[in-house]
Every structure is written in C-alpha cells, then in structure tokens.
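Read through the structure below, which is laid out as structure tokens, and then see the notes.
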Amino acid sequence: MIKGLAITPPVLGRISIGRVVEKNGQRLPQKDNQFTITTQIQEQGEWILHPKDEELRESAPNNKLRTIPVRMLFNDADLNLRAEYTMFDRTNGRPVCVGDGESCRRLTESGVQSLPCPGPTLCEFGKGGLCKPYGRLNVRIGDDDELGTFIFRTTGYNSIRTLAARLRYYQAVSGNRLAFMSLELRLRGKSTTQSHRTPIYYVDLTVREGQSVQEALQEAQDNEQTSQQAGYDQAALDEAGKRGFENAEFEYSEEDTPAVLEEFYP
C-alpha cells in the first residue's frame, strides 16, 4: 500500500443540505431545507443530480427530500463519521492543521508536527474563523454497491454532535451491529439566539420511519446472521477501513479540493 495516501471508502455521490448560488458575481453557499443527492460531476458550475435523488424525491411529501434511507458501512461509529477541528489552506483546499481539542497534526516548513490543540476559539494559529469543525459521514444508499458510499460533509456543530451521538448509541445498543441496522438520515430544524431565531437545519440519524428500535435491532441480528452465513466478514472490513484512514497524516483527496473551497471558503 502506498504510504501517505489515505484509503477512504469509495464515493458514489454527495449529500448536501444546501447549494451554491451566484450572487453579484460571487459563488456563495446557501442553506436549504431539504437534502440534495448529487454525483461527483459538475456541469457549468452545478453539481449533476444523482439518480437516487429523483428516485427518493418521487415518494417524498411535496417532493421535498427530508429523509434518506441509509445503512452504515462499518460497525465502528468513528469510521463512519470522522470529525476534527480543521484549518484548510484557502488557496488550494488542503488541510494544514487537524486537531481534536487536545493535540493536533500541523503542516509546517519542517514537515508535519504534533502540537497541543486548544480548539478553534483559543488557537492563535486558527483564529478568525480559519479553523472549523469538519465532519465527513459516509453512508450506503440502496443495494446497488454494498461497498460504495455517499458522503455528507459539514462544518456544522449541530450535525456533527447529533450524528456522533446517534452512531455511538446505535453501535452500543445493537451490540456492535451498526452496519446491519436499517437507518435514515433526517433533516431537522431549530432556532437559537445565535441564529437570531431564524431556522437552522442539521442532520440527524434515526431508525426507519414506522420501525421501532427493538424491530431495527432484531432486523440487524437477522442481517448479521445472513451475512455471516454468506461469508461476509464485517470485522475484517472494519479493520481494513481503520488501516486505510491511518495510512496518511491527513484524510485528504485532490478531488475534495473544489468541494471544500466552494462549500466552506467561498
């Protein structure tokens, strides 16, 4: 395996809760009150919709896509959702400092160094909004490709905090059968003093609508048993995923650069 190259889950498309609009000659991110599922291809500055978007939107109330049926790729919650404080180089979209609030890996003239991480509000290096929480959630949509995923990227505290909690809880209550649970991404809204009481939207993760947690857990046990009988080794997949992420200092791909710059640093 090539060292220094993060081996991340294959990505079939993107999930977003916003879009980029052109205003006064500038391309600016605009929040939305629904999901959009796109391919990884742009035409004339617009992301091309993925066939899954139309397929799911047809059965959605008012054609507003506010829930997406998903499954996780890994049993380990932290492999499905990776989140750190991250400072990007605004000229090329590459991460220059990644930390967890305790320690960080920072790209310097002498190479990557391990340094204390006080968090974005107390860090002199990342002050002024340069350092943000950055989360990447990989999920499976449909059964066309059991190892292919769709990625949801976010710098929102609400989405990261909620998804992290849900994934850990479902991993715990399922007895480490997270990858075998039928789940769905759900868009939620709330108003806060920080948002000046205007609605803000974030992503939650729940069991499928109409299904209880107990039913989802029983289904997960049945799915695990069926997969094991077919020779599917989920533990080995989790180990391969972990080693892939650890193969580089930063989880980064040149293909991520346009999305990072456009969505987070317009």
Side-chain angles (χ1 to χ4, degrees), residues 6 8-9 11 14-20 28-32 35 72 74 76-90 92-107 112-139 149-171 185-196 198-205 245-246 248-253 256-266:
T8 58
V11 174
R14 303 164 57 255
I15 300 172
S16 65
I17 53 173
R19 55 198 177 96
V20 176
L28 301 173
Q30 185 178 77
K31 293 299 182 184
D32 203 352
F35 289 112
M72 296 300 116
F74 304 109
D76 186 337
D78 292 338
L79 294 179
N80 296 297
L81 174 68
R82 288 86 56 214
E84 308 95 1
Y85 296 122
T86 305
M87 178 176 167
F88 292 98
D89 184 323
R90 294 196 178 196
N92 58 32
R94 297 175 180 174
V96 294
C97 188
V98 175
D100 60 7
E102 183 175 327
S103 62
C104 70
R105 301 181 306 283
R106 185 176 302 170
L107 185 61
V112 177
Q113 295 185 354
S114 294
L115 300 167
C117 173
T121 57
L122 300 175
C123 180
E124 286 296 316
F125 186 69
K127 66 181 180 181
L130 296 178
C131 179
K132 299 181 179 183
Y134 177 45
R136 288 87 60 211
L137 174 71
N138 288 83
V139 298
T149 66
F150 290 75
I151 189 167
F152 169 65
R153 298 184 182 93
T154 180
T155 58
Y157 277 102
N158 289 297
S159 291
I160 291 173
R161 183 185 297 114
T162 303
L163 290 171
R166 291 283 195 179
L167 284 165
R168 287 173 179 267
Y169 295 166
Y170 286 137
Q171 180 183 351
L185 293 180
R186 182 177 295 275
L187 196 62
R188 297 193 188 277
K190 69 177 183 179
S191 298
T192 67
T193 54
Q194 194 173 14
S195 69
H196 305 289
T198 58
I200 58 173
Y201 296 94
Y202 65 98
V203 179
D204 195 0
L205 182 71
F245 287 125
E246 293 175 346
E249 292 288 348
F250 301 115
E251 181 186 331
Y252 164 75
S253 167
D256 293 341
T257 299
V260 168
L261 290 177
E262 187 173 69
E263 292 180 38
F264 305 140
Y265 296 104

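Hydrogens, waters and symmetry mates play no part in the numbers below; they use all other heavy atoms, side chains included. Residue numbers run from 1 in the order of the sequence given. Predicted, not measured: the structure shown is a model, and the values here were computed from it.
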#### Entry: Heavy-atom side-chain contact between L167 and L81 under 4.5 Å
yes
## Note on the structure
CG of L137 to OG1 of T149, rounded to nearest 0.5 Å, is 9.0 Å
### Query
Does the pair E84/R136 count as a salt bridge with the N-to-O cut at 4.0 Å?
yes
### Message
Keeping R166 on the side-chain end and L205 on the backbone end, is there a donor-acceptor pair under 3.5 Å?
### Response
yes
### Message
Please determine whether side chain to side chain contact (heavy atoms under 4.5 Å, CB included) holds for the pair L163 and V203, giving the CA-CA distance in whole Å, both sets of side-chain angles, and the decisive distance to 0.1 Å.
### Response
CA-CA 7 Å; L163 290 171; V203 179; 4.1 Å; yes
### Message
I'd like to know if D89 pairs up with R94 as an ion pair, taking the criterion as any Lys NZ or Arg NE/NH1/NH2 lying under 4.0 Å from an Asp or Glu carboxylate oxygen.
### Response
no
### Task
Starting at CD1 of I151, measure out to OG of S16 and round the result to the nearest 0.5 Å.
12.0 Å
#### Entry: Test of ring centre spacing under 6.0 Å for F88 and Y134
yes
### Message
Please check this pair: side chain of D100 against backbone of S103, looking for a donor-acceptor N/O pair closer than 3.5 Å.
### Response
yes
### Query
Should we say atom CZ of R168 is surrounded by more than 12 heavy atoms from elsewhere, each under 6.0 Å from it?
no
#### Entry: Any T8 side-chain heavy atom under 4.5 Å of F245 side chain
yes
### Query
Backbone N or O of P133 within a donor-acceptor pair of the T155 side chain at under 3.5 Å?
no
### Task
Could you tell me whether the side chain of P118 reaches within less than 4.5 Å of the side chain of C123, counting heavy atoms only?
yes
### Query
Which heavy atom in P120 sits nearest to a heavy atom in C131, and how many Å separate them?
CB-O, 3.5 Å
#### Entry: Y85 six-ring centre to K132 NZ/CZ under 6.0 Å and within 45° of normal
no
### Message
Any heavy-atom pair between the side chains of N80 and V139 that's under 4.5 Å?
### Response
no
#### Entry: Distance-only donor-acceptor check, side chains N138 and R82, under 3.5 Å
yes
### Query
Side-chain contact, heavy-atom cut-off 4.5 Å: Q113 with L107?
no
### Message
Quick one, C97 and F125 - any side-chain contact, counting heavy atoms below 4.5 Å?
### Response
yes
### Task
Please tell me if the side chains of T154 and Y202 come closer than 4.5 Å, counting only heavy atoms from C-beta onward.
no
### Query
Between C104 and P116, which heavy-atom pair has the shortest distance, and what is it?
SG-O, 3.7 Å
### Message
salt bridge (charged side-chain N to carboxylate O under 4.0 Å, His left out), that's the test. Do R186 and D204 meet it? Break it down for me.
### Response
CA-CA 5 Å; R186 182 177 295 275; D204 195 0; over 6 Å; no
### Task
Might you confirm whether atom OH of Y157 has over 12 heavy atoms from other residues, nucleotides or ligands at distances under 6.0 Å?
yes
### Pairwise distance CD1(I17) to CZ(R153) - rounded to 0.5 angstrom
14.0 Å
### Message
I'd like to check R188 versus Y201 (side-chain heavy atoms, cut-off strictly below 4.5 Å). Are they in contact?
### Response
no
